[in-house]
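Just so it is clear, the structure is predicted and the values come from calculations on it, not from any experiment.
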Amino acid sequence: MKGTYLGEFEEVVLLAVAIRSGDAYGAAIVNEIEQQMDRSVSLGAVHSALNRLQEKGLVDSQMGGMTAERGGRRKRLYTVTAYGRRALEEIRQLRNQMWDAIPHTAWS
C-alpha cells in the first residue's frame with residue numbers, strides 16, 4: 001500500500017463500507033459514519049470518497065436490485081476489495097505501532 005495515500009475521510013468511508021458489509025450504499029454509509037463518529041457528513045462528500053476509493057482499487061461496486069421505497073430505482077452497493085482489506089490492516093498496524101511508541105512520560 002506504500003504507493004496509495006489514504007486521507008482520513010477516505011479511511012473513515014472505507015471502514016464504514018466494511019462495517020455495512022453487503023449493505024453499503026451512499027445513504028447507509030452516511031448514516032454509519034454519523035452514528036459511529038457523531039459527525040455530520042454530506043452524501044456528496046461520501047460519493048466523492050467512494051469514487052476515489054474505487055479508482056484506487058480499494059472498493060468495488062455493483063448495482064443492487066430495485067426497491068419500492070426508492071421508487072423502483074436501484075442502489076449502487078459497495079464492497080471492500082482484498083486490496084482494501086490489506087490497506088485497512090496496514091493502517092491499523094501503523095496506528096497501533098505509533099501509539100505504542102509514545103513514551104509514558106509524554107502523558108505526565
Side-chain angles (χ1 to χ4, degrees):
M1 191 187 115
K2 279 190 192 251
T4 303
Y5 174 76
L6 242 158
E8 184 234 355
F9 189 67
E10 289 175 330
E11 180 183 345
V12 167
V13 171
L14 187 57
L15 285 165
V17 172
I19 291 168
R20 299 292 306 197
S21 178
D23 189 37
Y25 59 96
I29 295 167
V30 167
N31 290 338
E32 189 65 41
I33 293 169
E34 288 179 345
Q35 181 182 33
Q36 291 284 341
M37 300 188 71
D38 195 25
R39 169 179 170 180
S40 178
V41 296
S42 75
L43 183 58
V46 168
H47 278 293
S48 292
L50 287 167
N51 288 334
R52 289 191 305 273
L53 291 169
Q54 196 159 14
E55 288 172 6
K56 293 176 181 182
L58 301 171
V59 298
D60 255 336
S61 71
Q62 64 182 11
M63 295 305 289
M66 292 185 279
T67 59
E69 70 266 8
R70 291 178 45 87
R73 293 185 335 216
R74 299 167 66 187
K75 296 176 187 172
R76 179 165 297 278
L77 300 171
Y78 293 87
T79 56
V80 178
T81 63
Y83 183 55
R85 283 190 300 276
R86 279 196 312 274
L88 284 174
E89 289 168 5
E90 287 178 20
I91 290 166
R92 185 179 193 177
Q93 286 177 342
L94 176 62
R95 291 191 190 282
N96 287 342
Q97 177 182 323
M98 291 182 75
W99 274 101
D100 292 344
I102 297 173
H104 294 295
T105 57
W107 301 113
S108 302

statement: Sequence neighbours excluded, the answer for salt bridge (Lys or Arg N to Asp or Glu O under 4.0 Å) partners of Glu55 is none
- prompt: Does Val12 belong to the same Ile/Leu/Val/Met/Phe/Trp/Tyr cluster as Tyr83, with side-chain heavy atoms less than 4.5 Å apart forming each link?
  reply: yes
- prompt: If you look at every heavy atom in Glu11 and Arg95, which pair is closest and at what distance?
  reply: OE1-NH2, 2.5 Å
- request: Any chance you could measure Leu14, atom CG, to Leu6, atom CG, to the nearest 0.5 Å?
  value: 6.5 Å
query: Rounded to the nearest 0.5 Å, how far does CG of Leu15 lie from CD1 of Ile29?
result: 11.5 Å
task: For Arg85, check salt bridge (Lys or Arg N to Asp or Glu O under 4.0 Å) against everything at least two apart and list the hits.
output: none
task: First locate atom OH of Tyr25, then atom CG of Asn31, and finally report the distance between them rounded to the nearest 0.5 Å.
output: 7.0 Å
task: Find out if a path of hydrophobic residues (ILVMFWY) with successive side-chain heavy-atom gaps under 4.5 Å connects Leu88 to Met37.
output: yes
- prompt: Can you get from Ile19 to Ile33 by hopping between Ile, Leu, Val, Met, Phe, Trp and Tyr side chains that sit under 4.5 Å apart?
  reply: no
- request: Output all residues satisfying side-chain hydrogen bond (donor to acceptor under 3.5 Å, both in side chains) with Gln36, sequence neighbours left out; order by chain, then residue number.
  value: Glu32
query: What residue pairs, at least two apart or across chains, pass salt bridge (charged side-chain N to carboxylate O under 4.0 Å, His left out) with a residue in residues 98-108?
result: none
Tabulate below the donor-acceptor pairs under 3.5 Å that side-chain atoms of residues 56-64 make, not counting sequence neighbours, or state none.
residue	atom	partner	partner atom	Å
Lys56	NZ	Tyr5	O	2.5
Lys56	NZ	Glu10	OE1	3.0
Lys56	NZ	Glu10	OE2	3.4
Ser61	OG	Gln54	NE2	3.0
Ser61	OG	Arg76	NH1	2.9

- prompt: Should the heavy atoms of other residues, nucleotides or ligands under 6.0 Å from CG of Asn96 be counted, would the total exceed 12?
  reply: yes
- prompt: Is the closest side-chain heavy-atom distance between Val41 and Val13 below 4.5 Å?
  reply: no
query: Which atoms form the tightest heavy-atom contact between Tyr78 and Val17, and what is the distance?
result: O-CG1, 3.7 Å
Residues that Arg92 engages under side-chain hydrogen bond (donor to acceptor under 3.5 Å, both in side chains), provided they are two or more places apart: none
